[in-house]
There are 2 protein chains.
Amino acid sequence: MSDHLLAAIGGKIKEKRLNKNLSQEALASRAELDRTYISGVERGKRNVSLLNLFKIAQALEIQATELIDIGVTND
Amino acid sequence: MSDHLLAAIGGKIKEKRLNKNLSQEALASRAELDRTYISGVERGKRNVSLLNLFKIAQALEIQATELIDIGVTND
DNA sequence: GAGAGAGTGTGACTTATAGTCCGTAGACTT
DNA sequence: AAGTCTACGGACTATAAGTCACACTCTCTC
């Protein structure tokens with residue numbers, strides 16, 4: 001529960017972004033967020049808030065659930 | 001994309017909490033958050049960050065995806 | 001039908017950090 | 001070498017995190 005979680009989510013975002021052939025800047029523009037912010041998010045340096053998560057998902061044309069659907073077990 | 005989204009997620013949290021017969025205070029305790037914070041989240045007054053979302057999901061013994069899996073279409 | 005206890009809503013507040021805006025530097029492409 | 005893309009830093013502003021006191025509603029018991 002912490003950094004690697006954000007990194008995993010950041011990785012997902014990067015993956016989806018590349019799938020769509022978008023630059024960080026293009027994604028940032030679509031999501032109305034800052035390019036350096038997207039950079040930080042993808043590198044797991046940012047603890048994104050829900051509204052921004054949804055903005056990013058929308059910019060990527062995917063469900064927000066896809067972005068946080070990482071292997072998190074409730075062991 | 002905004003308040004009603006947070007309210008919808010808050011509603012989900014409340015629903016899951018009640019399913020588990022937990023009080024806000026009990027949930028807050030499990031998630032190591034403040035009771036009034038949980039109250040605000042459930043009422044959609046708080047734009048929760050990812051880490052806290054995961055804390056809450058873990059406290060509810062569910063996947064975080066379940067909490068944000070509301071009817072959001074990419075129309 | 002007053003008093004106690006559990007559960008919740010809410011406003012106000014301080015502190016931590018989310019998020020922006022400026023920049024520089026390096027990798028890669030054409 | 002000019003253009004594109006990204007990592008990263010510093011300085012700032014906006015807002016989330018976190019806490020408190022108090023009010024209110026129930027329900028139960030005396």
Side-chain angles (χ1 to χ4, degrees), chain A residues 1-62 64-70 72, chain B residues 1-62 64-70 72:
Chain A
M1 171 82 77
S2 47
D3 301 9
H4 66 287
L5 213 116
L6 300 180
I9 292 169
K12 275 269 186 185
I13 292 175
K14 180 171 186 175
E15 179 191 321
K16 303 288 186 181
R17 174 175 64 78
L18 294 177
N19 282 158
K20 286 248 172 351
N21 279 303
L22 292 173
S23 66
Q24 288 181 347
E25 194 155 356
L27 173 58
S29 165
R30 284 191 186 206
E32 295 183 288
L33 292 170
D34 196 81
R35 93 188 137 72
T36 66
Y37 178 64
I38 295 292
S39 171
V41 169
E42 286 191 352
R43 286 177 290 122
K45 303 299 182 191
R46 299 276 179 169
N47 183 17
V48 188
S49 69
L50 279 180
L51 256 21
N52 278 350
L53 183 78
F54 276 86
K55 274 193 188 179
I56 293 171
Q58 195 164 60
L60 290 171
E61 302 177 290
I62 60 179
T65 51
E66 289 189 58
L67 296 179
I68 66 170
D69 188 11
I70 55 192
V72 177
Chain B
M1 174 79 79
S2 48
D3 300 7
H4 66 288
L5 215 119
L6 299 180
I9 292 170
K12 274 269 185 184
I13 292 175
K14 180 171 185 174
E15 179 191 321
K16 302 289 185 181
R17 174 175 65 80
L18 293 178
N19 282 158
K20 285 247 173 351
N21 278 303
L22 293 173
S23 65
Q24 289 181 346
E25 194 155 353
L27 172 58
S29 165
R30 285 191 186 206
E32 294 184 290
L33 293 170
D34 195 83
R35 172 192 74 74
T36 64
Y37 178 67
I38 296 291
S39 172
V41 170
E42 286 190 351
R43 285 176 292 122
K45 301 300 182 191
R46 300 257 181 178
N47 183 16
V48 187
S49 70
L50 281 180
L51 257 20
N52 277 351
L53 183 77
F54 275 86
K55 273 193 191 180
I56 293 171
Q58 194 164 62
L60 288 171
E61 302 176 288
I62 61 179
T65 51
E66 289 190 59
L67 296 179
I68 66 170
D69 189 11
I70 55 191
V72 177

Peer 1: D:dT15 P sits how many Å from A:Arg46 CZ, rounded?
Peer 2: 15 Å

Peer 1: Hey, does the side chain of A:Arg35 reach the backbone of A:Glu25 with a donor-acceptor pair shorter than 3.5 angstrom?
Peer 2: no

Peer 1: Please state how far atom CG in B:Asn52 lies from atom P in C:dA18, giving the value in whole angstrom units.
Peer 2: 10 Å

Peer 1: Counting only side-chain heavy atoms from C-beta out, which of D:dA7, D:dT19, C:dC21 sits nearest to A:Asp34?
Peer 2: C:dC21

Peer 1: When you look at NZ of A:Lys12, are more than 12 heavy atoms from neighbouring residues, nucleotides or ligands closer to it than 6.0 Å?
Peer 2: yes

Peer 1: Quick check: on DNA chain C, is the nucleotide nearest A:Val48 upstream (toward 5') of the one nearest B:Glu42, or the reverse? Name the residue that is more 5'.
Peer 2: B:Glu42

Peer 1: With a cut-off of less than 4.0 Å, is there a side-chain N or O of B:Ser39 near OP1 or OP2 of C:dG9?
Peer 2: yes

Peer 1: I'd like to know if A:Arg43 reaches the base of D:dA7 with its side chain, counting only an N/O donor and acceptor under 3.5 Å.
Peer 2: no

Peer 1: Whole angstroms only, please: what is the CG-C1' distance between A:Leu50 and C:dG19?
Peer 2: 15 Å

Peer 1: What's the CZ-P distance between B:Phe54 and D:dA16, to the nearest Å?
Peer 2: 19 Å

Peer 1: Please check the phosphate of C:dA16 (OP1 and OP2 only) for any side-chain N or O of A:Asn47 closer than 4.0 Å.
Peer 2: no

Peer 1: For A:Lys55 and C:dA18, give me the distance from atom NZ to atom P, rounded to whole Å.
Peer 2: 16 Å

Peer 1: Which nucleotide sits closest to the side chain of B:Thr36: C:dG9, D:dT19, C:dG19?
Peer 2: D:dT19

Peer 1: Answer yes or no: is there an ion pair linking B:Lys16 with B:Glu61, defined by an N-O contact shorter than 4.0 Å?
Peer 2: no

Peer 1: Are OP1 or OP2 of C:dT20 and a side-chain N or O of A:Tyr37 less than 4.0 angstrom apart?
Peer 2: no

Peer 1: Taking only the side-chain nitrogens and oxygens of B:Arg35, find out if one of them lies under 4.0 Å from OP1 or OP2 of C:dG7.
Peer 2: no

Peer 1: Please report, rounded to the nearest Å, how far the C1' atom of D:dT4 is from the CG atom of A:Asn21.
Peer 2: 14 Å

Peer 1: Return the value, rounded to whole Å, for the distance between atom CG of B:Leu33 and atom P of D:dT19.
Peer 2: 8 Å

Peer 1: At less than 4.0 Å, is any side-chain N or O atom of A:Gln24 found next to OP1 or OP2 of D:dA7? Yes or no.
Peer 2: yes

Peer 1: Say whether B:Thr65 and A:Asp69, considering side chains only, have a donor N or O and an acceptor N or O under 3.5 Å apart.
Peer 2: no

Peer 1: Would you mind reading off the distance between A:Leu27 atom CG and D:dT4 atom P, rounded to a whole angstrom?
Peer 2: 18 Å

Peer 1: Taking only side-chain N and O atoms of B:Arg17, does any of them lie within less than 4.0 angstrom of OP1 or OP2 on C:dT8?
Peer 2: yes

Peer 1: Tell me whether the side-chain N/O atoms of A:Ser49 come closer than 4.0 Å to OP1 or OP2 in C:dG19.
Peer 2: yes

Peer 1: With heavy-atom distances below 4.5 Å as the criterion, would you say the side chains of B:Arg17 and B:Glu42 are in contact?
Peer 2: yes

